[in-house]
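Have a look at the structure below, then the notes.
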Amino acid sequence: MWDLLVRRARLATMTAGSPWGTVPGATVAEAGVEGGALAVQDRRIAWIGLDRDLPAGAAAACELDAEGRLLTPGLVDCHTHLVHAGSRAAEWAARLGGATYESIAAAGGGILSTVRATRAAGAERLLGPGLERARTLMAGGVTTLEVKSGYGLDLETELGMLQVARRLGELLPLTVRATYLGLHAVPPEYAGHPGRYLDMVIADVLPAVAAARLADAVDAYCEPHAFSPAEVERYFAAAEGHGLPVKLHAEQRSDSGGAALVARHRGLSADHLEHLSPEGVAALAGAGTVAVLLPGAFLHLRETRRPPVDALRAAGVPMAVATDWNPGTSPLGSLPTAMNLACTLFGLTPAEALAGATRDGARALGLADRGVLAPGLRADLCLWNLGHPAELAASLSVPSLATRVVAGALHHAPSR
Ligand code: DI6
Ligand code: FE
């Protein structure tokens, strides 16, 4: 007797080998597998296949008739900064008027403006807005979410941000992975002294983060106006000393060699990549590091140079898609919308965009137990009020979600 059985579903399993994935016994399907069934036992997928191949006498405590609707893995948003305070809308308006992101940052705005607001708010006042943003992403099908720190830049506020990220995972039916983004900007008290800031990060913050197990990985921002490859290298070495895997904001505004750097460290992911070089593509391919595409930031910054998607595809680099939800460069609270932008702006296929928001997003977080529908994996599922799987990325609004299943437990979407 299974805990849950979903029948008569259209399955996009996102398993390798065909664009939307497949199941044993199915012919390769252009629009997902019709007439599929999936069973859950003890929080995991126990069986998946065609309805007509269900074992004789199959029964479950709870049965769900999908009536032909689309069943996908729960979505994974592998890059967000959704714990923060303050607004940067005035900066956006200034950029529309011709100011650049770098000139605003050099004048003390940009990341540092969010740092001021986040420090002033204090950890307790970050929780409410963080919960609201996480729920907004959940309404778009997210069942696993990454949250970065990096708007505190001092010991107390960085720990506070990471604690809020952990709280989100305790309070909501959702997995939250927390990333310590220590090298985001040089904070005002270390202005002009990035080396001393880095010393403090390595001596004080990283050990405290590691000791309290508040982060699952570390990240940095490698750009001429942020941190140099040499600084990132020191920070990565220290993180690895604490057993923490690394990721990097790389090649967003310039080719600084960040992708090759994070690949040398066998990093989980290199994120943004608009200015990625052919050498960078080869380095990612060689290391198995995931390329995380963030078209919300590209759109909001009105970038014109796109990440080299054709070269990444040709080299077999897994491409994840994420929202990058942050107040400065990507105020985007819908992962399906990020999928749409990855198709319309970067040239992904709709199936690649869904793989990027499931299978490859999970890989960018080092999570091998989810992201595709296959026996033995965690039962994180989305049942959509949709037929064809391309409808997910085709929609510019949040597509209609009937039910989320998180670790085998049903969560019906609120009626809208
Ligand atoms: N992600 C980041 O961390 C930076 N850009 C991006 O897309 C800076 C975000 C910010 O300006 O707050
Ligand atoms: Fe980011």
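Reckoned from all heavy atoms, side chains included, excluding hydrogens, waters and symmetry mates. Note that ligands are numbered from 1 as they come in the structure, with each ligand's atoms numbered from 1 the same way.
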With no hydrogens and no angle check, just 3.5 Å: does a side-chain donor-acceptor pair link [X] and [Y]?
X    : Y    : value
S330 : D324 : no
E223 : S254 : yes
R370 : T143 : no
T175 : R378 : yes
K247 : S269 : yes

Heavy-atom contacts with [X] under 4.0 Å: which atoms of ligand 1 show up? List them by number with element.
X    : answer
Y101 : 8 (C), 9 (C), 10 (C), 11 (O)
I111 : 8 (C), 10 (C), 11 (O), 12 (O)
R88  : 10 (C), 11 (O), 12 (O)
H249 : 1 (N), 2 (C), 3 (O)
H272 : 1 (N), 6 (C), 7 (O)

- Sub-4.5 Å side-chain heavy-atom contact between L284 and L276: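 Heavy-atom side-chain distance check passes, below 4.5 Å.
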- Is the shortest heavy-atom distance from the side chain of H249 to the side chain of L181 under 4.5 Å?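 In short, these two side chains touch, coming nearer than 4.5 Å.
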- Task: Give a yes/no answer: is there an N/O/S atom of D324 under 2.8 Å from the Fe ion (ligand 2)?
- Result: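 It does; at least one qualifying atom falls short of 2.8 Å.
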- Task: Decide, counting backbone as well as side-chain atoms, whether H79 has an N, O or S atom less than 2.8 Å from the Fe ion (ligand 2).
- Result: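 Checking H79: at least one N, O or S atom is under 2.8 Å.
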- Task: Taking the six-membered ring for Trp and the single ring otherwise, decide whether the centroids of F298 and F346 are under 6.0 Å apart.
- Result: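 Yes, close enough.
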- Report yes if some N/O of H79 lies less than 3.5 Å from some N/O of ligand 1; otherwise report no.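 H79 vs ligand 1: no N/O contact under 3.5 Å.
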- Do T329 and ligand 1 have an N or O pair less than 3.5 Å apart?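 Between T329 and ligand 1, an N or O pair is found under 3.5 Å apart.
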Which residue holds the protein heavy atom closest to [atom], what is that atom called, and what is the gap in Å?
atom                    : value
atom 7 (O) of ligand 1  : D324 OD2, 2.6 Å
atom 12 (O) of ligand 1 : Y151 OH, 2.5 Å
atom 3 (O) of ligand 1  : H184 NE2, 2.8 Å

- Query: At a 4.0 Å cut-off, with the gap strictly under it, does some heavy atom of H84 reach an atom of ligand 1?
  - Reply: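 It does not, in that no heavy atom of H84 comes within the 4.0 Å cut-off of ligand 1.
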- Query: How many angstroms lie between CG in L301 and NE2 in H272, if you round to the nearest 0.5 Å?
  - Reply: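 Those atoms lie 8.5 Å apart.
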